[in-house]
Amino acid sequence: MQETIERLRSQAEADIQSVQDRTELEEYRVTYLARKGRIAALFDQLKSVAPDQRPAFGKTLNELRSRVQSLLDERAARFAAGPVVRESIDPTLPGRGLFVGSSHPLIQTLEEIKGIFVGMGFSLADGPELEDDYHNFGALNFPPDHPARDMQDTFFVGKDALLRTHTSPVQIRVMENHPPPVRAIMPGKVYRNEAVNARSYCMFHQVEGLCVDRGVTFSDLKGTLISFIKQFYGSSLKYRFRPTFFPFTEPSADIYITCFICGGKGCRLCKQSGWLEILGCGMVHPNVFRSVGYDPERFTGYAFGMGIERIAILRYGIDDIRLFFENDVRFLEQF
Ligand code: PHE
């Protein structure tokens with residue numbers, strides 16, 4: 001009998017350890033303490049114990065019962081205090097960093113370009129991305145069926161609807177709606193039907209600029225754009241203007257800066273030339289003025305356009321244009 005009681009005690013002590021919730025606690029109570037439980041069963045056996053030994057066994061059994069009861073009470077108090085907290089808080093650990101967002105590298109680049117031109121007195125204008133042939137080409141002095149149209153592979157959307165291939169149609173819309181003088185920059189998305197790869201994408205961003213007034217000359221164009229280049233890239237950078245062709249400007253030029261990777265010696269980025277092209281510009285063609293009803297005998301002007309991706313790629317040393325549009329945080333969080 002004594003041995004049975006001892007065994008039950010150690011089992012009860014072990015079992016209470018594995019009780020994890022109120023349901024298991026109730027099962028435990030039923031097993032040991034209920035009227036038909038294992039302790040009650042031992043009390044029943046007292047009858048068969050010799051009468052002179054009964055008081056001693058009765059005392060041990062009572063002790064067992066109160067021991068089990070207190071194990072149960074202890075466990076119950078733990079559940080009453082709420083769920084078992086397995087994790088503890090270490091207040092000496094450093095806090096977890098907050099994730100702070102930042103603007104997209106293209107927005108940062110655009111904001112800086114805007115800031116420089118607004119500082120020189122330019123205002124902002126915009127226009128639709130879905131254009132008609134007239135605004136994207138015709139009014140910009142691209143004759144019908146002229147090969148110059150092939151310089152910009154176009155997404156045609158329907159009868160006389162296309163995705164603008166450059167921001168120059170916004171020049172036309174601004175001049176159609178405002179008499180001269182005009183001095184504005186026009187940022188926005190443009191689309192070209194080109195194979196998508198590390199160097200080109202079917203959509204990108206440009207900033208267009210237009211200045212029209214009486215007596216605007218090529219010197220004004222140079223002064224303004226050189227000032228922009230010095231503010232944006234630093235005053236010690238070398239630049240050059242090289243003649244080129246655009247239907248909507250005459251004369252036209254591309255502006256190049258010294259390759260800042262090789263310093264002009266020639267490398268992969270500048271295709272061994274030592275120079276990087278950063279924008280196109282020129283004096284507004286008289287035919288463009290005629291198409292918006294400006295008198296080319298009274299007014300002259302200059303225009304320019306640059307690709308924002310290209311400028312950001314050169315500035316941050318990004319080697320794949322697709323990174324701008326994939327929204328991979330590992331890329332974005334570097335800016
Ligand atoms: N629209 C031209 C292009 O996309 C850039 C440009 C704008 C050139 C204005 C001259 C004047 O290539």
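Read the numbers this way: they start at 1 and go in the same order the structure lists the ligands and their atoms. Numbering starts at 1 and runs along the sequence shown.
At least one heavy atom of R192 sits closer than 4.0 Å to an atom of ligand 1.
For atom 5 (C) of ligand 1, the closest heavy atom belonging to the protein is G305 CA, 4.1 Å. Residue, atom and distance of the protein heavy atom nearest to atom 2 (C) of ligand 1 are F248 CZ, 3.7 Å.
At least one N or O atom of S168, backbone or side chain, sits closer than 3.5 Å to an N or O atom of ligand 1. In terms of polar-atom proximity, defined here as any N/O pair under 3.5 Å, H166 does make such a contact with ligand 1. For a threshold of 3.5 Å applied to N or O pairs, the pair formed by Q206 and ligand 1 contains at least one separation below that value.
Donor-acceptor pairing under 3.5 Å is lacking for the side chains of Y256 and S273. In summary, the side chains of E309 and Y201 do not present any donor paired with an acceptor at a separation below 3.5 Å, with no hydrogens or angles considered.
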From CA spacing to verdict: ring-ring contact (aromatic ring centres under 6.0 Å, His included), F248, H166: CA-CA 12 Å; F248 37 90; H166 50 176; 5.6 Å; yes
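Here CD1 of I229 is found 8.0 Å from CG of L237. Values are rounded to the nearest 0.5 Å. Here F289 contributes atom CZ and N141 contributes atom CG; the two are 12.0 Å apart, rounded to the nearest 0.5 Å.
When atom types are taken as modelled, the side chain of D126 and the backbone of M186 share no donor-acceptor pair closer than 3.5 angstrom.
In H285, neither the side chain nor the backbone holds a heavy atom less than 4.0 Å from any atom of ligand 1. With a heavy-atom cut-off of 4.0 Å, C281 touches ligand 1 through its backbone alone.
Annotation: side chain of K189 is not in contact with side chain of F204 (no heavy-atom distance under 4.5 Å).
Less than 4.0 angstrom separates some heavy atom of G280 from each of these atoms of ligand 1: 8 (C), 10 (C).
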